[in-house]
**Q** 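Okay, handing you the structure first.
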Amino acid sequence: MSAVNLGLPRLRGPHGVSRPRPDNPALVDTFGRVATDLRVSLTDRCNLRCTYCMPAEGLPWLPGEDVLTDEELLRLLRIAVERLGVTDIRLTGGEPMLRPGLEDLVAQVAALRPRPRLSMTTNGIGLAKRAEKLVAAGLDRINVSLDTVDPETFRAITRRDRLSHVLDGLEAARAAGLDPVKVNAVLLRGVNEHEAVPLLRFCLEHGYHLRFIEQMPLDAQHGWNRADMVTAEEILGLLRAEFSLTPSPGERGGAPAERWLVDGGPGDVGVIASVTRPFCAACERTRLTADGAVRSCLFSNDETDLRGLLRAGLDDEAVADAWRLTMWGKLAGHEINDAGFAQPIRPMSAIGG
């Protein structure tokens, strides 16, 4: 099987030197990293229109026939767990709760052996009514995107009046036993950076784990501007005006967030500084889009069409090999800070976070 026939990315080793992939069943790359964390997009559709993600009118969604069927998706997840050493699966979107039959899908993923740790990133709309069923199906953890606790600012960012639904979803997640319940927040200059402290107070009071994320160049409009990004240093400065922050003693490992104890703990706050403090050297992630393309990096412009391999009748090991070769070609870093960086053609809503 040739890389050309599979549409595989360029295979580059350290210093641009190509070399054969070792006989290793895991998702290794030329820099010694091993991907064990799979981020899988269930749909590119979303019921919000966040200004930093997509235009008000939305995007041209994937045709239904292009999206992986449940059978195809579960086959790829089984290959990932049984053959490639994936231990963690995070369901994302778009908005994953727009995927029909989500609870049944969660139950089938949780039934894989060895059982993966199963989490989901969601905007929280509809979660209040579904949290208990998702936990019963096997969901272990959840991240809810929430950039503000002010209704007017929420409407300005998301173009929707749904803050109360998100807050209800957070409460339901905690009541259903999901632990931890994490909140992901993006600060936008001139829009909500003044809410860094209120957001942290809100999360500490309710027992949620807050993670601030630097705005990344993944918007559909390709309008990202570094000067408009609220950096990790700025975020920490805003928080230190009200709180004492000390580095968390816990091992970070491959986690994207740097964690800080707030006023000595036990509460903490994380900052994911993908742009200004890249953590690519410890990356453990591989990504699968809703239409079955595997990507070695969130910012990659190369991907491999696994859906096409499934529909062409290839067996599990051939699909696994294509996945392995894609990850073998992973670059050292995302190159955002390099002069020649090109924003991915696909926006975040199509890639999956």
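The chain is numbered in sequence order, starting from 1.
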**Q** Met97 and Leu62: same hydrophobic cluster, using ILVMFWY side-chain contacts below 4.5 Å?
**A**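 Each belongs to a different hydrophobic cluster.
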**Q** Check the angle between the aromatic planes of His206 and Phe202 and answer parallel, tilted or perpendicular using the 30° and 60° thresholds.
**A**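 If you compare the ring of His206 with that of Phe202, the planes turn out tilted.
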**Q** Is it true that Leu76 and Leu314 fall in one hydrophobic cluster, defined by side-chain heavy atoms closer than 4.5 Å?
**A**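 Same cluster.
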**Q** Supply the atom-to-atom distance Asn47 CG to Ile125 CD1, rounded to the nearest 0.5 angstrom.
**A**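 One finds 4.5 Å between CG of Asn47 and CD1 of Ile125.
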**Q** Can you measure from CD1 (Ile157) to OG (Ser145) and round to the nearest 0.5 angstrom?
**A**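 Interatomic distance, Ile157 CD1 to Ser145 OG, rounded to 0.5 Å: 11.5 Å.
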**Q** Any donor and acceptor pair, going by atom type alone, linking the side chain of Asp29 with main-chain N or O of Gly32 inside 3.5 Å?
**A**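 Answer holds: yes.
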**Q** Are Val294 and Leu112 connected in a single hydrophobic cluster, I mean Ile/Leu/Val/Met/Phe/Trp/Tyr linked by side-chain heavy atoms less than 4.5 Å apart?
**A**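 Yes, Leu112 and Val294 fall within the same hydrophobic cluster.
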**Q** Just by modelled atom types, is the Asp291 backbone N or O under 3.5 Å from a matching donor or acceptor in the Asp66 side chain?
**A**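 No, the answer is negative, given that no donor and acceptor are paired below the 3.5 Å cut-off.
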**Q** Can you confirm whether Glu152 is buried at CD, in the sense that more than 12 heavy atoms of other residues, nucleotides or ligands lie under 6.0 Å from that atom?
**A**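 It does not: Glu152 CD has 12 such atoms or fewer within range.
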**Q** Of all residues at least two apart in sequence or in a different chain, which pass the side chain to side chain contact (heavy atoms under 4.5 Å, CB included) check with Thr69?
**A**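 Thr69 satisfies side chain to side chain contact (heavy atoms under 4.5 Å, CB included) with Glu71, Glu72 only.
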**Q** How far apart are the closest heavy atoms of Val271 and Ala232, and which atoms are they?
**A**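 Residues Val271 and Ala232, closest heavy atoms: CG1-CB, 3.6 Å.
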**Q** Would Asn143 and Arg90 count as having a side-chain donor-acceptor pair, cut-off 3.5 Å?
**A**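 Side chains of Asn143 and Arg90: pair found under 3.5 Å.
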**Q** So Val106 and Leu102, do their side chains get closer than 4.5 Å, heavy atoms only?
**A**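 Yes, at least one pair of side-chain atoms sits under 4.5 Å.
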**Q** Does a salt bridge link Glu303 with Arg295, judged by any charged N lying under 4.0 Å from a carboxylate O?
**A**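 Salt bridge flag = yes for Arg295 with Glu303.
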**Q** Tell me if a side-chain donor or acceptor on Glu95 pairs with a main-chain N or O of Asn123 at a distance below 3.5 Å.
**A**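 Flag set: sc Glu95 to bb Asn123 pair under 3.5 Å.
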**Q** Ignoring hydrogens and geometry, is there a side-chain-to-backbone donor-acceptor pair from Arg287 to Ser41 under 3.5 Å?
**A**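 Not confirmed, Arg287 side chain does not pair with Ser41 backbone.
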**Q** Using only atom types and a distance under 3.5 Å, with no angle test, would you say the side chain of Glu193 pairs donor to acceptor with the backbone of Gly190?
**A**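 Present.
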**Q** Do the non-hydrogen side-chain atoms of Leu187 and Glu214 ever get within less than 4.5 Å of each other?
**A**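 They are not in side-chain contact.
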**Q** With side chains defined as the heavy atoms from C-beta onward, is the minimum distance between Val269 and Leu239 less than 4.5 Å?
**A**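 Side chain of Val269 against side chain of Leu239, heavy atoms only: contact under 4.5 Å found.
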**Q** Any donor-acceptor pair under 3.5 Å linking the side chain of Arg49 with the backbone of Cys46?
**A**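 Yes.
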**Q** What distance separates Ser119 OG from Ile89 CD1, expressed to the nearest 0.5 Å?
**A**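 Rounded to the nearest 0.5 Å, the OG-CD1 separation comes to 9.0 Å.
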**Q** Find the distance between CG (Asp147) and SG (Cys50) and round it off to the nearest 0.5 Å.
**A**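 Nearest 0.5 Å value for the CG-SG distance: 6.0 Å.
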**Q** So, do Leu146 and Leu210 sit near enough that their side-chain heavy atoms are less than 4.5 Å apart?
**A**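 No; the side chains remain at least 4.5 Å from each other.
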**Q** Between Asp70 and Arg99 (salt bridge meaning N to carboxylate O under 4.0 Å), is one present in this structure?
**A**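 Salt bridge between Asp70 and Arg99, a charged N being under 4.0 Å from a carboxylate O: yes.
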**Q** Cation over ring, Arg83 on Trp323, under 6.0 Å and within 45°?
**A**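 That pair does not qualify as a cation-pi contact.
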**Q** Answer yes or no: is there a side-chain heavy-atom contact under 4.5 Å between Cys283 and Lys330?
**A**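 Yes, side chains in contact.
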**Q** Is Arg174 salt-bridged to Asp179, going by a charged N under 4.0 Å from an acidic O?
**A**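 So Arg174 does not pair with Asp179 through a salt bridge.
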**Q** Nearest heavy-atom pair of Arg285 and Pro256: which atoms, and what distance?
**A**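 In terms of heavy atoms, the two residues are closest at NH1-CD, 4.2 Å.
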**Q** Can you tell whether the side chains of Glu317 and Arg324 come within less than 4.0 Å, N to carboxylate O?
**A**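 Judged by the 4.0 Å cut-off on N to carboxylate O distance, Glu317 and Arg324 do form a salt bridge.
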**Q** Do Leu204 and Phe243 have side-chain heavy atoms sitting under 4.5 Å apart?
**A**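 In contact.
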**Q** Please round to the nearest 0.5 Å and tell me the distance separating atom CZ of Arg78 and atom CG of Leu84.
**A**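 One finds 11.0 Å between CZ of Arg78 and CG of Leu84.
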**Q** Minimum heavy-atom separation for Ala332 to Cys280, with atom names?
**A**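 So the minimum-distance heavy-atom pair works out to O-CB, 3.5 Å.
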**Q** Any sub-3.5 Å donor-acceptor pair from Arg189's side-chain atoms to Met229's backbone N or O?
**A**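 Yes.
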**Q** Quick one: does Cys297's side chain get under 4.5 Å of Asp302's, heavy atoms only?
**A**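 No; the side chains remain at least 4.5 Å from each other.
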**Q** Val67 and Leu98: same hydrophobic cluster, using ILVMFWY side-chain contacts below 4.5 Å?
**A**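 Unlinked, Val67 and Leu98 end up in two clusters.
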**Q** Could you tell me whether a side-chain N or O of Glu195 sits under 3.5 Å from a main-chain N or O of Val149, the two making a donor and an acceptor?
**A**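 Yes.
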**Q** Are the side chains of Glu258 and Trp260 in touch, meaning some heavy atoms are under 4.5 Å apart?
**A**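 Of all side-chain heavy-atom pairs linking Trp260 with Glu258, at least one is under 4.5 Å.
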**Q** Tell me whether Glu242 is salt-bridged to Arg201, with the criterion being a basic N under 4.0 Å from an acidic carboxylate O.
**A**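 So Glu242 pairs with Arg201 through a salt bridge.
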**Q** Report yes or no: does Arg160 contribute a side-chain atom to a donor-acceptor pair with the main-chain N or O of Phe154 at less than 3.5 Å?
**A**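 No, Arg160 side chain to Phe154 backbone: no donor-acceptor pair under 3.5 Å.
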**Q** Does a sphere of radius 6.0 Å around CD in Glu132 hold more than 12 heavy atoms from other residues, nucleotides or ligands, not counting ones at 6.0 Å or beyond?
**A**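 Incorrect, the count does not exceed 12.
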**Q** Tell me whether Tyr208 is reachable from Val197 by hopping between hydrophobic residues (I, L, V, M, F, W, Y) whose side-chain heavy atoms are closer than 4.5 Å.
**A**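 Looking at the clustering, Tyr208 is in the same group as Val197.
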**Q** Give a yes or no on whether the backbone of His209 and the side-chain of Lys182 come within a donor-acceptor separation of less than 3.5 Å.
**A**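 The answer is no, because no donor-acceptor pair under 3.5 Å joins these two groups.
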**Q** Looking at Asp140 and Arg115, is there a salt bridge between them, counting it only when a charged N and a carboxylate O are closer than 4.0 Å?
**A**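 Salt bridge flag = yes for Asp140 with Arg115.
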**Q** Could you tell me the separation between the CG atom of Leu261 and the OG1 atom of Thr246, rounded to the nearest 0.5 Å?
**A**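 Answer rounded to 0.5 Å: 4.5 Å.
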